[in-house]
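Just below is one structure, and these are the notes that go with it.
These numbers come from a predicted model, not from an experiment. Just so we're on the same page: letters track the sequence lines, and every chain starts at 1.
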Number of protein chains: 2
Amino acid sequence: MQGLTILLVDDHPVVRAGYRKLIELQPGYRVAAEADSTSAAYLAYRRAPTDIVIIDLSMPGSSGLEAIRLIKAVDRNARILVFTMHEGLSHALKAFEAGASGYVTKSSPPEALIAAMGAIAEGRKAVSDDIAREIAVERLSGRRSPLDALGPREVEILQLIASGRTTDEIADALSLSQKTIQNYHSGIKAKLNARTDANLVWVAIEAGLIEMRSVGVGAG
Amino acid sequence: MQGLTILLVDDHPVVRAGYRKLIELQPGYRVAAEADSTSAAYLAYRRAPTDIVIIDLSMPGSSGLEAIRLIKAVDRNARILVFTMHEGLSHALKAFEAGASGYVTKSSPPEALIAAMGAIAEGRKAVSDDIAREIAVERLSGRRSPLDALGPREVEILQLIASGRTTDEIADALSLSQKTIQNYHSGIKAKLNARTDANLVWVAIEAGLIEMRSVGVGAG
DNA sequence: GTTCGATTGGGAAATCTTCCCGATCTCGAT
DNA sequence: ATCGAGATCGGGAAGATTTCCCAATCGAAC
């Protein structure tokens with residue numbers, strides 16, 4: 001018997017090497033393939049589907065979520081376990097929306113990863129304790145993302161503001177008057193309790209509204 | 001013979017476990033201790049200095065740089081190898097300023113880590129190829145951090161602006177008039193070619209001026 | 001069918017930004 | 001010592017933005 005096969009997706013070779021060693025110490029699991037990008041993961045899974053896909057969210061370009069969607073599109077029954085550094089609940093929720101079966105943060109003890117692999121191999125969902133705790137807190141306290149105070153249009157505009165777009169650019173992009181954007185801008189700041197535009201950027205980052213890479217300002 | 005001893009510092013247990021396996025496959029290296037925080041690293045090194053310290057920059061709270069400084073304060077000859085996800089040159093430079101002997105990004109092949117360990121054990125400096133390339137490009141093209149266009153006061157104020165402080169708070173903190181802060185604010189935007197305050201935040205982040213954690217805005 | 005909230009924008013006063021200017025202060029060079 | 005460059009600090013005024021209030025529209029829920 002060869003146990004459960006695993007496709008390991010992470011853009012850091014050393015990290016992959018480490019996990020491979022760790023996983024293969026575990027009887028019943030075998031790393032069948034590795035991939036270092038969204039597209040490589042997709043192709044690898046197409047070529048030879050594995051029982052489990054372990055994937056990091058933060059990869060250059062399309063954020064791992066894309067890889068999840070692609071793989072689930074190929075195989076509705078793919079078992080995908082997100083194993084990432086991102087501790088924010090928002091990332092976890094997005095991963096599940098994209099089709100993941102499990103979400104384990106790298107802060108978790110190694111056993112958590114092993115346990116999660118076992119769980120999702122049996123068709124169950126798995127989250128690491130820290131994420132579970134966040135979900136519990138959210139449910140019990142009714143606390144939500146600060147963005148819940150915002151309507152969809154406001155979220156959209158906040159995203160553009162936080163990514164550095166000017167009022168004119170936003171008005172142009174959305175085919176609205178500058179006045180409307182200004183009014184939204186003020187309203188968003190008020191609702192989010194932000195006294196500064198820089199604050200908006202941080203809110204957007206924490207809410208997972210903004211990807212960290214590829215923003216740039218072209219200073220020179 | 002027991003080879004070179006290593007202290008492994010990373011806040012992710014699974015990551016540590018992976019590296020440990022990886023390193024111990026290498027003849028001549030032995031992971032003598034692990035630590036998951038700045039203070040734990042410091043205490044572990046005090047208790048039993050190792051030949052090499054491998055440390056991740058991104059740890060909760062004090063950013064790993066602090067751990068480097070603490071350890072170097074205890075032992076001027078400590079060999080510290082930074083092994084991190086941060087690919088920005090600015091992080092690498094800061095690490096060397098803090099006293100690191102090597103800087104390897106996690107995007108590097110496993111051999112790079114092994115090679116770097118060997119190099120710094122012999123008292124040499126080591127950087128991974130990607131960082132070396134960045135340094136070379138910077139030297140050859142004369143390109144520097146966008147912040148080089150700014151004076152120290154401007155950098156200080158940029159930092160406060162980007163972290164979300166209002167004009168009044170900054171004026172207060174620095175004992176300057178609001179007018180002066182406003183003038184700096186404008187000047188900084190002009191020099192950095194930023195058309196928006198949100199842009200300033202991104203510049204500050206990319207320049208390594210801002211730590212990603214613990215900023216918050218207190219929305220609710 | 002009416003009420004509620006989301007969306008879109010005008011108006012006007014308050015505030016901020018920008019650009020220009022001058023006063024100091026430090027520092028290295030002459 | 002003096003000079004000049006450049007950083008630091010702030011005033012002034014015109015122009016742009018922000019803020020707050022208000023109104024019209026539209027779709028969904030009751």
Exercise. Are any side-chain N or O atoms of A/Thr180 and backbone N or O atoms of A/Leu176, one a donor and one an acceptor, separated by less than 3.5 Å?
Worked result: no
Exercise. For A/Arg79, what residues pass the salt bridge (Lys or Arg N to Asp or Glu O under 4.0 Å) criterion, not counting sequence neighbours?
Worked result: none
Seminar exercise, completed: Applying side-chain hydrogen bond (donor to acceptor under 3.5 Å, both in side chains) to A/Gln182 and not counting sequence neighbours gives none
Do any N or O atoms of the protein come closer than 3.5 Å to N or O atoms of nucleotides 14-16 of chain D, and which pairs are they?
none

Seminar exercise, completed: Residues of residues 173-181 of chain A with a heavy atom under 4.0 Å from any atom of DNA chain C, listed by number, are A/Leu176, A/Ser177, A/Lys179, A/Thr180
Exercise. What's the CD-C1' distance between A/Gln182 and D/dT18, to the nearest Å?
Worked result: 7 Å
Exercise. Looking only at heavy atoms, which two atoms of B/Ile52 and B/Ala121 are closest? And how far apart?
Worked result: CD1-CB, 4.1 Å
Exercise. Roughly, in whole Å, what's the span from CD in B/Glu154 to P in D/dT8?
Worked result: 6 Å
Seminar exercise, completed: Rounded to 10°, the angle between the first-five-pair and last-five-pair axes of the helix from C/dG1-D/dC30 to C/dT30-D/dA1 is 30°
Problem set entry | Between CD1 on residue A/Ile181 and OG1 on residue A/Thr167, distance to nearest 0.5 Å | 7.5 Å
For this session: Measure the distance from NE2 on A/His185 to P on D/dC20 and round it to the nearest whole Å.
Result: 14 Å
Exercise. side-chain hydrogen bond (donor to acceptor under 3.5 Å, both in side chains) with A/Glu156: which residues, sequence neighbours excluded?
Worked result: A/Arg153
Exercise. Considering residues at least two apart in sequence or located in another chain, which fulfil the side-chain hydrogen bond (donor to acceptor under 3.5 Å, both in side chains) criterion with B/Ser186?
Worked result: none
For this session: On DNA chain D, check which nucleotide each of B/Asn183 and A/Gly187 is closest to and give me the residue with the more 5' one.
Result: B/Asn183
Exercise. Can you list the residues that meet the salt bridge (Lys or Arg N to Asp or Glu O under 4.0 Å) rule with A/Glu97, with sequence neighbours excluded?
Worked result: none
For this session: Quickly work out the B/Arg153 CZ to D/dG6 C1' distance and round it to whole Å.
Result: 16 Å
For this session: Taking salt bridge (Lys or Arg N to Asp or Glu O under 4.0 Å) as the test, write out the residues that go with B/Arg46, two or more places apart.
Result: none
For this session: Carefully, step by step, assess B/Asp10 and B/Lys106 under the rule salt bridge (Lys or Arg N to Asp or Glu O under 4.0 Å).
Result: CA-CA 13 Å; B/Asp10 192 303; B/Lys106 289 188 181 174; 3.4 Å; yes
Problem set entry | Parallel, tilted or perpendicular, as decided by the 30° and 60° cut-offs, for the rings of B/Tyr103 and B/Phe96 | tilted
Exercise. Can you tell me how far C1' of D/dT19 sits from CD1 of A/Ile188, to the nearest Å?
Worked result: 14 Å
Problem set entry | With sequence neighbours excluded, residues passing salt bridge (Lys or Arg N to Asp or Glu O under 4.0 Å) with B/Glu169 | A/Arg195
Exercise. Listed by chain and number, what are the side-chain hydrogen bond (donor to acceptor under 3.5 Å, both in side chains) partners of B/Lys189, not counting sequence neighbours?
Worked result: B/Asp197
Seminar exercise, completed: Note: chain B reaches DNA chain C at heavy-atom distances under 4.0 Å over the stretch, first to last nt, 5' to 3', of C/dC16 to C/dC19
